[in-house]
Structure formats: C-alpha cells, structure tokens
*Asks:* 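Next up is a structure, given as structure tokens.
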Number of protein chains: 2
Amino acid sequence: MAALASAQGPMSATELLAKLSEGKPDSAIGIATIYRSLKLGVEEGRLVAVELESGAVRYEPADLEHHHHFLCVECSRAFDLKGCVSDLEDLLPAGFEMTSHEVLLHGKCQDCRRAG
Amino acid sequence: MAALASAQGPMSATELLAKLSEGKPDSAIGIATIYRSLKLGVEEGRLVAVELESGAVRYEPADLEHHHHFLCVECSRAFDLKGCVSDLEDLLPAGFEMTSHEVLLHGKCQDCRRAG
DNA sequence: CTGGTTTTGAGAACTGATTATCATTACTAA
DNA sequence: TTAGTAATGATAATCAGTTCTCAAAACCAG
C-alpha cells in the first residue's frame, strides 16, 4: 500500500481503513481487504509488522532504516523517530544474547500538545 | 502475590498459574483467582501491568526501581534489566513531549542459550 | 458481449485473553 | 458447632482483533 509509505509512522488495520475511507463516503472498502493486503505485503517482504501496544499490530514499509517509535497517549497514533540510542549493550546481563531491540517513547505528539 | 516478588521478571496470568500449580497436582488453583488477585494488586498500587507483547499483559511489583526488560524469543519469558540508556532525548522530535519510555531487548536468555 | 478466473465486501466465525456467574468451600465471630 | 459472610474454582460469557466464507462485482482474453 502506498498509503503506508506516505504515513508518518506505522498504522494498524483499523487506522488504515479509516484513512482509505476518508473522503469517500460512497465507495466502502472492506476491513477484510485491508487484512488481506497487509498479510500479503508481509509475506512478500514489502511490509513489516510492529507491535507497540497490546492488541494493535501496526504495519510499516520494510525498506525503512533502523528506527524507533513514539506513541501518543492522547490520539494513540504512532510516529517514526530517527536514530537510535547508543548504550544498549550495557543493559544486557551476562550470558544473554541480544538479537534485536525496541525503544518506544510515550507522550503527547505535536498536534495534541497544540490542541490541549 | 509473593510469587511475583521473587520472579526474575514480570509474569503473565498464565505463567503465574503454571508457576503456582507446579508441584501441586491435587490442589487446583483457578485462573479466575489469578486474574482477581492481579487486578486487585494493581488497584491497590502494589502491582503494575507491563505490556511487552501483543496479547500478553504481565505484572510486576510496583516498588521496583526504573528498569527495562528482556524478552526471550525462545521461551517467551521476560527478564528484568538493570539501568537505563542515556540519550533518549535525542530521539524526540521538536514539538513532541515525552512522559515515559520503554526499552525492550529481544534475544536468547541464558537458559535457552545453554539448551540449544 | 461472453465464459471463466480473480478480487472484493459484508458478515459470520474464530481466537486468545479477560471477566462474570454461581454454586461450593473456607473463614469468622459468637 | 453454627449461621453468616467472603473467597474460590469451573465454566460460560464477553471482547477486540483477525480470519473465513461466499455470493456479487470486477477483470480479462477471445
């Protein structure tokens, strides 16, 4: 989906449905189609799934550089962040092996700060 | 629950049930009781819920120092990590406000590395 | 057009986690 | 003990997200 590529962060199936439906009250797109396309995208390696919260898998293009996310506590939207932190290795206990990591920031996004 | 206090990381209701049941094939403890106790613990401020994965809320004592978690890709157990990373602020985009953060490492825990 | 294949949307069905129900059991105080 | 109250376990019910089903619509080559 091109809609995902232009997003400012990963989107869930529900968010995607809302976005694709907006401005088109007549042509209804089905949630099943969304899930089908997302699943296909993941299988073909074009998309990756990210789980930032319980019960809400989001998807983003697979070709993005290494990055992390910001989750707005107000509007629940997820945003991409640039860069990474440097001293992750220090957290790892002896005997453990790290294969990947996630950093997730919570707070208010720009829009929500302005709004309230 | 004292079982949570002695754990090496946050546990889910299911894990807790397994742990409390082990070695006692006769006295069956109910999953409902687990959920009741956990909910009560959170309401009373003795426990906090942490969501590391989709569909699996875990609980840990509320009086722990600031820390993060390691999630084993093999056995799915979560472990507490000590310390934190230093340069989180650098990730935050202008106009955004951070109220909290999470760091989650994935990989193999000590036990699973030994095992396989 | 036309027959045949593919995709789609609506809604039913499923899934795993959590909560509610309710009869039974455990506990408390007199 | 004993009556009354609270806690427990088994299971049904709920819930949100996701997948399945299938008839209708779209597409496509001839």
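All of these numbers come straight from a predicted model, not from anything done at the bench. The chains referred to below are lettered A, B, ... by the order of the sequence lines, with proteins before strands, and numbering in each begins at 1.
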*Asks:* Is the shortest side-chain N to carboxylate O distance from B/Arg77 to B/Asp111 below 4.0 Å?
*Replies:*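 Yes.
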*Asks:* Mind checking what makes salt bridge (charged side-chain N to carboxylate O under 4.0 Å, His left out) contact with A/Glu102, not counting sequence neighbours?
*Replies:*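 Residues passing salt bridge (charged side-chain N to carboxylate O under 4.0 Å, His left out) with A/Glu102: none at all.
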*Asks:* Classify the ring geometry between B/His101 and B/His68 as parallel (under 30°), tilted (30 to 60°) or perpendicular (over 60°).
*Replies:*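 Ring orientation, 0 to 90° scale: tilted.
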*Asks:* Salt bridge check, B/Glu15 against B/Arg58: does any charged N sit closer than 4.0 Å to a carboxylate O?
*Replies:*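 Looking at B/Glu15 together with B/Arg58, the answer is yes, because their closest N to O distance falls below 4.0 Å.
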*Asks:* So where does chain B start and stop touching DNA chain D, 5' to 3', when the test is distance under 4.0 Å to a non-hydrogen atom?
*Replies:*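 Nucleotide range with atoms under 4.0 Å of chain B: D/dT8 to D/dA10.
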*Asks:* Run the salt-bridge test on B/Glu97 and A/Lys108 with the 4.0 Å N-O cut-off and return the result as yes or no.
*Replies:*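 So B/Glu97 does not pair with A/Lys108 through a salt bridge.
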*Asks:* What residue among A/Thr33, A/Leu40, A/Ile34 forms side chain to side chain contact (heavy atoms under 4.5 Å, CB included) with A/Ser37?
*Replies:*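 For A/Ser37, the side chain to side chain contact (heavy atoms under 4.5 Å, CB included) check succeeds only for A/Thr33.
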*Asks:* Under 4.0 Å, heavy atom to any atom of DNA chain C: which of residues 35-48 of chain B qualify?
*Replies:*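 Within residues 35-48 of chain B, the residues near DNA chain C are B/Tyr35, B/Arg36.
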*Asks:* In this structure, would B/Met98 and A/Leu104 fall into the same cluster of hydrophobic residues linked by side-chain contacts under 4.5 Å?
*Replies:*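 The answer is no; the residues belong to distinct hydrophobic clusters.
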*Asks:* So, B/Ser6 side chain and B/Ala3 main chain: donor-acceptor pair closer than 3.5 Å or not?
*Replies:*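 Side chain of B/Ser6 to backbone of B/Ala3: a pair is present.
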*Asks:* Whole angstrom is fine here: how far is it from CD1 in B/Ile31 over to P in C/dT21?
*Replies:*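 Rounded to the whole Å, the gap is 19 Å.
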*Asks:* Taking atom P of C/dT8 as reference, at what distance in whole Å does atom CG of A/Leu20 sit?
*Replies:*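 Result: 12 Å.
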*Asks:* When you match B/Ile34 and A/Val57 each to their closest nucleotide on DNA chain D, which lands nearer the 5' end?
*Replies:*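 The answer here is B/Ile34.
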